Peer 1: 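Starting off with a structure, shown below.
So that the names make sense, note that chain A is the first sequence line, chain B the second, and so on, each numbered from 1. Quick caveat: nothing in here was measured; it's all calculated off a predicted structure.
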Amino acid sequence: MLTDEYDPHGGRMLQVLDQSGQVVRPELEPKLDNAKLQRAYRTMVLSRVVDEKAIIMQRQGRLGAYPPNRGQEAASLGPAMATETDDWMVWAFRELAGLLWKGVPMLNYLLYWMGNEEGSRYPEGVNVTPAAIPVASQLPIAVGIAYASALRREGKVVLSFCGDGATSEGEFHEALNNAGVFRTPNIFVIQNNQWAISVPRSRQTAAPTLAQKACAYGFKGILVDGNDLLAMYIATQEAAERARKGEGPTLIEAYTYRLGNHTTSDDARKYREEQELREWELRDPLVRMKAYMVAKGLLDESGDEAIWNEARAATEKGVEEAEGFPAPTLEDAFKFTYAEMPPSLRTEMERLRDDLKEGER
Amino acid sequence: MLTDEYDPHGGRMLQVLDQSGQVVRPELEPKLDNAKLQRAYRTMVLSRVVDEKAIIMQRQGRLGAYPPNRGQEAASLGPAMATETDDWMVWAFRELAGLLWKGVPMLNYLLYWMGNEEGSRYPEGVNVTPAAIPVASQLPIAVGIAYASALRREGKVVLSFCGDGATSEGEFHEALNNAGVFRTPNIFVIQNNQWAISVPRSRQTAAPTLAQKACAYGFKGILVDGNDLLAMYIATQEAAERARKGEGPTLIEAYTYRLGNHTTSDDARKYREEQELREWELRDPLVRMKAYMVAKGLLDESGDEAIWNEARAATEKGVEEAEGFPAPTLEDAFKFTYAEMPPSLRTEMERLRDDLKEGER
Amino acid sequence: MALINMVSALNSALANMLEEDPSVVVLGEDVGKDGGVFRVTDGLFNRFGAERVIDTPLAEAAIAGMAIGMAMNGLRPVAEIQFMGFSYLTLNQLISHASRMRNRSRGRFTVPMVMRMPYGAGVKALEHHSESTESLYVQIPGLKVVVPSTPRDAKGLLISAIRDPDPVVFLEPTRSYRLMKEEIEDTPFTVPIGEAKTLRSGTDVTIVGWGAMMPLVVKAAEAASAEGISCEVIDLRTLSPMDSETVVSSVKRTGRCVISQEAPRTCGVAAELIARINEEALLSLEAPVERVTAPDIIVPLPKGEQYYYLNANRLYRAVKKVAEF
Amino acid sequence: MALINMVSALNSALANMLEEDPSVVVLGEDVGKDGGVFRVTDGLFNRFGAERVIDTPLAEAAIAGMAIGMAMNGLRPVAEIQFMGFSYLTLNQLISHASRMRNRSRGRFTVPMVMRMPYGAGVKALEHHSESTESLYVQIPGLKVVVPSTPRDAKGLLISAIRDPDPVVFLEPTRSYRLMKEEIEDTPFTVPIGEAKTLRSGTDVTIVGWGAMMPLVVKAAEAASAEGISCEVIDLRTLSPMDSETVVSSVKRTGRCVISQEAPRTCGVAAELIARINEEALLSLEAPVERVTAPDIIVPLPKGEQYYYLNANRLYRAVKKVAEF
Ligand SMILES: Cc1ncc(C[n+]2csc(CCOP(=O)(O)OP(=O)(O)O)c2C)c(N)n1
Ligand SMILES: Cc1ncc(C[n+]2csc(CCOP(=O)(O)OP(=O)(O)O)c2C)c(N)n1
Ligand SMILES: [Mg+2]
Ligand SMILES: [Mg+2]
């Protein structure tokens, strides 16, 4: 068991690929077929491109405040790849690569950050919950989803994400503790990107690792190099197997870094050292993955360029589609409050419709 | 360090006195002077007598719903004894013996459970917060109290209590995590009395011990025989020293048992085995302490009887005083809402006074 | 049919629903073996098993959050919060997720959950066990809030709540749990959510209440009627979405209104009713609407509860006051 | 004196208080080095040190709870909650402890704390960043609730709040943070809590608002005045304890009233004002009081915010409606 070998109390971190993309633990290298590896790399690139585009659009006033994903692509993608299509994914707000893998259309992603609720109407069959902005609030929900699946003996697992900051919230604790008690098929991934806005990981908790918090809940935790797609993949795979066998939840700390600002409203230079950023840029998960792909003969420079171009084209198309998407109507703002609109709400709606008809003064 | 010797991951429990009152770790026996030991034993007896009286009074309609303390006397008294008079104590609702030691008058205790807010107006200088019924809600407050003391470099420690059930609440987590981050002079005692109303400890968390939860917060935890006054004393003493030196908080799991019902509204026979109760009755902390006192030559049967009689007399006197205590007036119900009564509230009060004058119909 | 009190009626509703619909689960602190601190879930654990009648750890946010997740994934959870005074711990989950999941996912996810809890003062309970903060919930769009006052309504409304496609906060007046008995079918039946009930017709004064206030309201109405003041009595039953229509149309006829609210005065449900009466029936008013409420103070401990909890006399005098205005 | 916006005015108040009183501390997420996500605490960390300007872990209940403990033990904590939408996590601490510590200990312990937070819609923010759930707080006896609408009031009220012996929830309208500048003294001064302010006298219609509504209210009043409707404009400023006296006596003169509320309609502060007007000035009313509010829906994401956030035109038309009633 990886979780035994890498007991977080020992402080060891699981890594399969080193910074340069070399396989350092060949015996742990997952047997992924080439197509899957290629799809994974394309997804990372697409995530990076969409992310960059969103930041630009925000600056141009075409999209609202936005939380950049740069540098964290492997931490959400690896886990997503280790789950089945119909397994659940409960994300926070910085898991673009994982979402794309799970089948959330780019259109939805863009619409959401552009400020349209339609963005969170994921297609049927995509078992992904909407973004969860209130930090850690998604986690008790993930446990409930898992309980329901387990009760029906579906054999599904629920992969959830949160940040390092989220581990300080009471709802993080209650979720993990309940998952331990009910042995629900949950996989809790913490994207420890070292910062919660301006608060460093060291000020979030006095515990030396976040992975060791699992011991408070009676299940296993593991510290994983979050910029190593393969390590994230195998750690999650083991967790998913455990969950499917009814052996309960696992906590995975993905040790990663937010290369961008917290959101487009933030300026990280105010609170963190340039030097730290530079060091982490060297550990960029895309660079590492590219080296691995090249070494495996699955990628060359021209192939890589094609992938980036493809991603850019797809993104432009997605943006166009999103910008052409109809804005919500007055009725849209009302009709999803309840399954059926109560009479008093209908009255309010009609009154407001009249009011707005008269135009702004 | 006891916390190293008794690392909770090892599952060992600190004990100084065994079930029969024999000293099993003589080198750990605290050097308490005889007067202090005698006061301790008298306090345990008084706690037991007041507790029994409260239960009887509840049955007679003279006191409201009440949470019995029987069996848990050592778990709150030992820690209280290991703190200084002006150190803070933040209790939950089942720490009578500790309260008595800290100087909370029996009158206050009775008044509170009889339903009079005057009960929680403890004398100046008694640094004890009022009962905290919302489970675990007192713990973040205990951290704030400790922060304030530390900021002023007072060298005080804050001793707080909660139950095993409380460890599942988010506020437990947030409090301990913050205490770890700020290295506040907190001592967190969990009275693990094996039950949270009808829910057994095993269903509260999958972690094998509660003490090990400290590892999630980056400080030390220790599992202690909560029915052993001396063990509770030394564990707290070590924690208090650590706190006073600015080395931060400690978590103490007091392994004990609620010999009575959850409250007078509860019937524990509905959910727990008679056999379990019988076994724990043999570990009664009073019996154990008595044996120790006798062995030390500090107590004999007649002395013991005198102590019980004294306690009974004091209790009768306390009850008399409490029952003679004036009921709150209308003005009392209003005037502590704010430092100064807002005009609208004064109007409400006068209107209500008129209304009530007319009498019940 | 059986002559039963509200606790048994609620128990019967839960048993019916657990039986009828395999997706119904019950969860909360002590709801299992113990049958709940008020015995509302008594016997369900033995009958339906630990997987569907779930004793949870002591963690209210998790109870609410898990219920949301269960509801999003095909179950119909009925969560119990042990007392309303501990329900504030669930507000983040209720406001940020339960109430808005349908809207924020444009109908892709829904939250058909019920959160039950006893509420209210007047039973000489411990501190924090007497809260009636219903207007915290009523102001949250996307939640429904239901308060039965009789055993029959309790059963019928709870079944409606469980079958409802949206999250329902179900408030049970502690004081009424064992106050009266009614003949009630053993089989499932419903009382519609969103409809107030006129208990008694009258022409002079409309008296509105809900939950534990109803027995007092009825008593006051009887006393007033005995003196020739004809009272129309309305049990609001659902606080959200609020059937103010029934109240407004009654006030349009009577021109006078007294509202009985257990909660403190400010920003309670009574204020909302008065606002709606003001908006829709001002010209019919022959006297200011009177709200008889608790004062804006902390719920006192039992020795002072008479300064907080209303009595029928205060209501009666308010009725006289508006009648004589 | 300096010409500053609300953010700087708040910063100045905090700096004054940290300087004047060693027991004042500031705590919250990102309030330290970062100076707060809106820069309200900018520079305080460097000036007063990490012990008094405290970056906390991401845990709102702990922020509130620690502030309570600090306040009980001699400090005057000013806690920041990053957005009102995350303040629900503090309600258990505020309701169960902060608001009632004085009462439950009969004055032995008090909680002189301030909990500041930005609130309100209209800045195209993320989901959950636009809440205005002030009436959750207004209904809690023992709390005070303050909402400035100008830089000067912001500074004066915040200083009053910090010096206040009771817990104060201090709501800062995000939309007004940088909307206007005023000449403000660098030294401490106070604006009293509990006093509404009449911004403009008038004889035909009273318009009441608070916080981010005030610029809209003033605009609507000007538009109406231009058409010969003389408007009296009141900024409520303190929501609890509510100075309804000023509103009621104005309405007694004008006979007509419009209330502007950013929050959804049901159980908001406007309902309470209407209830009080009904109780104390019914006979003076020449038209139903109009409340212009958000509808009872979830705050929409930015693309739909026009269906939620009021505009001056809606207010203006309400004024005309009551004037012409
Ligand atoms: C309950 C809550 N409190 C505060 C915020 C404001 N906020 C948004 S993100 C964030 C930091 C989150 O840090 P972390 O969990 O590490 O995730 P990251 O942003 O680093 O991905 C904060 C404080 C929030 N969204 N929710
Ligand atoms: C927040 C909260 N939820 C529920 C309750 C109801 N309640 C009172 S005591 C209790 C069990 C507490 O168990 P534990 O923490 O083990 O303390 P013990 O009663 O065993 O001393 C419960 C559920 C409460 N008081 N507060
Ligand atoms: Mg982070
Ligand atoms: Mg217990």
Peer 1: Let me confirm one number: the NZ-CG distance from Lys270(B) to Asn261(B), rounded to the nearest 0.5 Å.
Peer 2: 13.0 Å
Peer 1: Which atoms of Phe172(B) come close to chain A, meaning under 4.5 Å heavy atom to heavy atom: side chain ones, backbone ones, both, or neither?
Peer 2: side chain
Peer 1: Are there residues of residues 137-148 of chain B whose heavy atoms fall under 4.5 Å of chain A's heavy atoms? If so, which?
Peer 2: none
Peer 1: Can you sort out the partners of Thr3(A) under side-chain contact (heavy atoms from CB on, under 4.5 Å), two or more places apart, ordered by chain and number?
Peer 2: Met1(A), Lys220(A), Ile222(A), Glu238(A), Arg242(A), Thr250(A)
Peer 1: What residues of residues 150-169 of chain A make heavy-atom contacts with chain B at a cutoff under 4.5 angstrom?
Peer 2: Thr167(A), Ser168(A), Glu169(A)
Peer 1: For the atom pair CD (Glu174(B)) and OH (Tyr217(B)), what is the distance rounded to the nearest 0.5 Å?
Peer 2: 9.5 Å
Peer 1: Which residue in the set Asn127(A), Leu99(A), Thr83(A) passes side-chain contact (heavy atoms from CB on, under 4.5 Å) when paired with Met89(A)?
Peer 2: Leu99(A)
Peer 1: Write out, in numerical order, the residues from residues 175-214 of chain A with a heavy atom short of 4.5 Å from a heavy atom in chain B.
Peer 2: Asn177(A), Gly180(A), Val181(A), Phe182(A), Arg203(A), Gln204(A), Thr205(A), Ala206(A), Ala207(A), Gln212(A), Lys213(A)
Peer 1: Looking at CD of Glu274(B) and CZ of Arg272(B), how far apart are the two atoms once the value is rounded to the nearest 0.5 Å?
Peer 2: 9.5 Å
Peer 1: State, to 0.1 Å, how close Pro130(B) and Trp91(B) come at their nearest heavy-atom pair, and which atoms those are.
Peer 2: C-NE1, 3.5 Å
Peer 1: Would you call Arg25(B) and Asp228(B) a salt bridge, taking side-chain N to carboxylate O under 4.0 Å as the test?
Peer 2: no
Peer 1: Please assess Asp266(A) against Arg258(A) for the test side chain to side chain contact (heavy atoms under 4.5 Å, CB included), listing each intermediate value before the final yes or no.
Peer 2: CA-CA 12 Å; Asp266(A) 173 55; Arg258(A) 189 191 80 210; 3.7 Å; yes
Peer 1: Rounded to the nearest 0.5 Å, what's the gap from CG on Leu251(B) to CG on Leu223(B)? Could you check?
Peer 2: 10.0 Å
Peer 1: Closest heavy-atom contact between Thr129(B) and Val90(B)?
Peer 2: OG1-CA, 3.3 Å
Peer 1: Of the non-hydrogen atoms in Gly71(A) and Leu259(A), which two are nearest, and what is the gap between them?
Peer 2: CA-CD1, 3.7 Å
Peer 1: Taking atom types as modelled, find out whether Tyr257(A) and Glu279(A) have a side-chain donor-acceptor pair closer than 3.5 angstrom.
Peer 2: no
Peer 1: Rounded to the nearest 0.5 Å, what separates atom OG1 in Thr256(B) from atom CE in Met232(B)?
Peer 2: 9.0 Å
